[in-house]
Amino acid sequence: MKRDLTSIFDLTKDEIYEIFELTKDLKEKQKKGIEHKLLKDKTLAMVFEKPSLRTRVTFETGMTQLGGHAIYLAPADIQMGKRESVKDVAKNLSRWVDIIMARVFSHSTIKELAENADVPVINGLCDLEHPCQILCDLFTIIEKKGTLEKVTIAFVGDGNNVCNSFIAASARLGFKLHVATPVDYQPNKEYMAQAKNLYWTDKPEAAIRDADVIYTDVWASMGQEAEAELRKRIFRPFQINSELLKNANKKDYVIMHCLPAHRGEEITDEVLDGPHSIVFDQAENRLHIQKGIMVFLCKNS
Ligand code: CP
Ligand code: NVA
């Protein structure tokens, strides 16, 4: 049976660690210049309904490094659901390419693609989840802290797709997760119910107090631009700045952000560019983890 990554919940704990091992090996090979063309002559279709820097460049570069090829399909090219049904896009692409990655508005579009495609489908972000991002972030945390077992991760800001994938990962792997959001902007309730090691609060200072990792993301996600001004007012107390960070007890905490950052909104320059920030190591790892994800899915499909 072919495998997909539509959600973190598509993977077991063992499979997540298998992807981390694979990624570590691929990253080492890349750094040492050792050839690793594990997807030689394979083709990846990258379907985008929204903009991207990291996802587009890292999937395309990753595929090249693995000996394959990637095709970028911009929102205007396909117009999924308008020019052609999602189902027909999935069925056509399956006849030509070996993997599909899609960045879409609705999670139901990713599910429909996966159900109708004969090849692995990877969620490159939707309204519910951003699984590639969170696998990258956890891999980065293991690199920096050695383990996930003993760390506490604090997510501060909007209960959005990135936050939901963190919660799903905590449900799968069991690490401690603190989430601070405004009361009306909490993460997905069904996801929250599944994570046993989750502590939710509307007080950012409480969430970061004992955290090893302090993480934030934009207050208005792609597609929510009309709410941006309102959200700026509501989320103001959730900004990661030097004042808030005085509440962090751990000396060696790290600052993470999936990027793009809205500097001066959810995070200040002095924090994003400061000594605790690991955001560009994190961004680099999107490349390595997605190579691991693609190799894992092709191997198991
Ligand atoms: N973090 C992330 O997915 O970045 P892009 O939106 O630039 O792809
Ligand atoms: N939550 C953000 C993540 C961007 C990578 C968004 O959906 O726009």
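Numbering of ligands and ligand atoms starts at 1, following listing order.
At least one cation-pi condition fails for Arg56 and Phe48: the charged atom is not both under 6.0 angstrom from the six-membered ring centre and inside a 45 degree cone around its axis. Cation-pi geometry between Lys50 and Phe105 is satisfied (NZ or CZ under 6.0 Å from the ring centre, within 45° of the ring normal).
At a 4.0 Å heavy-atom cut-off, ligand 1 touches Arg286 through the side chain alone. Counting heavy atoms under 4.0 Å from ligand 2, residue Asp158 does not touch it at all. Of all the heavy atoms of Leu259, the ones lying under 4.0 Å from any atom of ligand 1 belong exclusively to the backbone.
The shortest contact between atom 4 (O) of ligand 1 and any protein heavy atom is with Arg54 NE, 2.8 Å. Counting only heavy atoms of the protein, atom 6 (O) of ligand 1 lies nearest to Arg103 NH1, 2.8 Å. If you check which protein heavy atom lies closest to atom 7 (O) of ligand 2, you get Asn161 ND2, 2.8 Å. Nearest protein heavy-atom contact of atom 8 (O) of ligand 2 is Met222 N, 2.8 Å. Atom 4 (C) of ligand 2 has Leu125 CD1, 3.8 Å as its closest protein atom, hydrogens excluded (heavy atom only).
On a distance-only criterion, Ser221 and ligand 2 share at least one N/O pair closer than 3.5 Å. Looking at ligand 2, you won't find any N or O of Leu259 less than 3.5 Å from one of its N or O atoms. Considering both main-chain and side-chain atoms, His130 never comes within under 3.5 Å of ligand 2 through any nitrogen or oxygen pair.
Each of the atoms 5 (P), 7 (O), 8 (O) of ligand 1 lies under 4.0 Å from some heavy atom of Leu53. Each of the following atoms of ligand 2 lies closer than 4.0 Å to a heavy atom of Asp217: 1 (N), 2 (C), 3 (C). Within ligand 1, the atoms closer than 4.0 Å to a non-hydrogen atom of Cys258 are 1 (N), numbered from 1 in the order shown. Within the listing of ligand 2, atoms 1 (N) sit less than 4.0 angstrom from a heavy atom of Asn160.
Looking at His130, Gln282, Arg56, His257, it is His130 that brings a heavy atom closest to atom 3 (O) of ligand 1.
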Assess whether salt bridge (charged side-chain N to carboxylate O under 4.0 Å, His left out) is satisfied between Asp210 and Lys176, documenting all intermediate values.
CA-CA 11 Å; Asp210 299 312; Lys176 257 198 193 159; over 6 Å; no

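Considering Glu143, Met256, Arg54, Lys144 as possible partners of Gln282, the one that fulfils the side chain to side chain contact (heavy atoms under 4.5 Å, CB included) test is Met256. Tested against Leu272, the residues Ile240, Ile267, Thr216 include a single side chain to side chain contact (heavy atoms under 4.5 Å, CB included) partner, Ile267.
Environment of CD in Glu225: crowded, with over 12 heavy atoms of neighbouring residues, nucleotides or ligands closer than 6.0 Å.
Under the 4.0 Å criterion applied to side-chain N and carboxylate O atoms, Lys2 and Asp4 are assigned as salt-bridge partners. Between Lys232 and Glu229, at least one side-chain nitrogen of the basic residue sits less than 4.0 Å from a carboxylate oxygen of the acidic one, meeting the salt-bridge criterion.
The shortest heavy-atom contact between Ile110 and Cys126 is CG1-CB, 4.5 Å.
With ring centers used as reference points, Phe9 lies under 6.0 Å from Tyr191.
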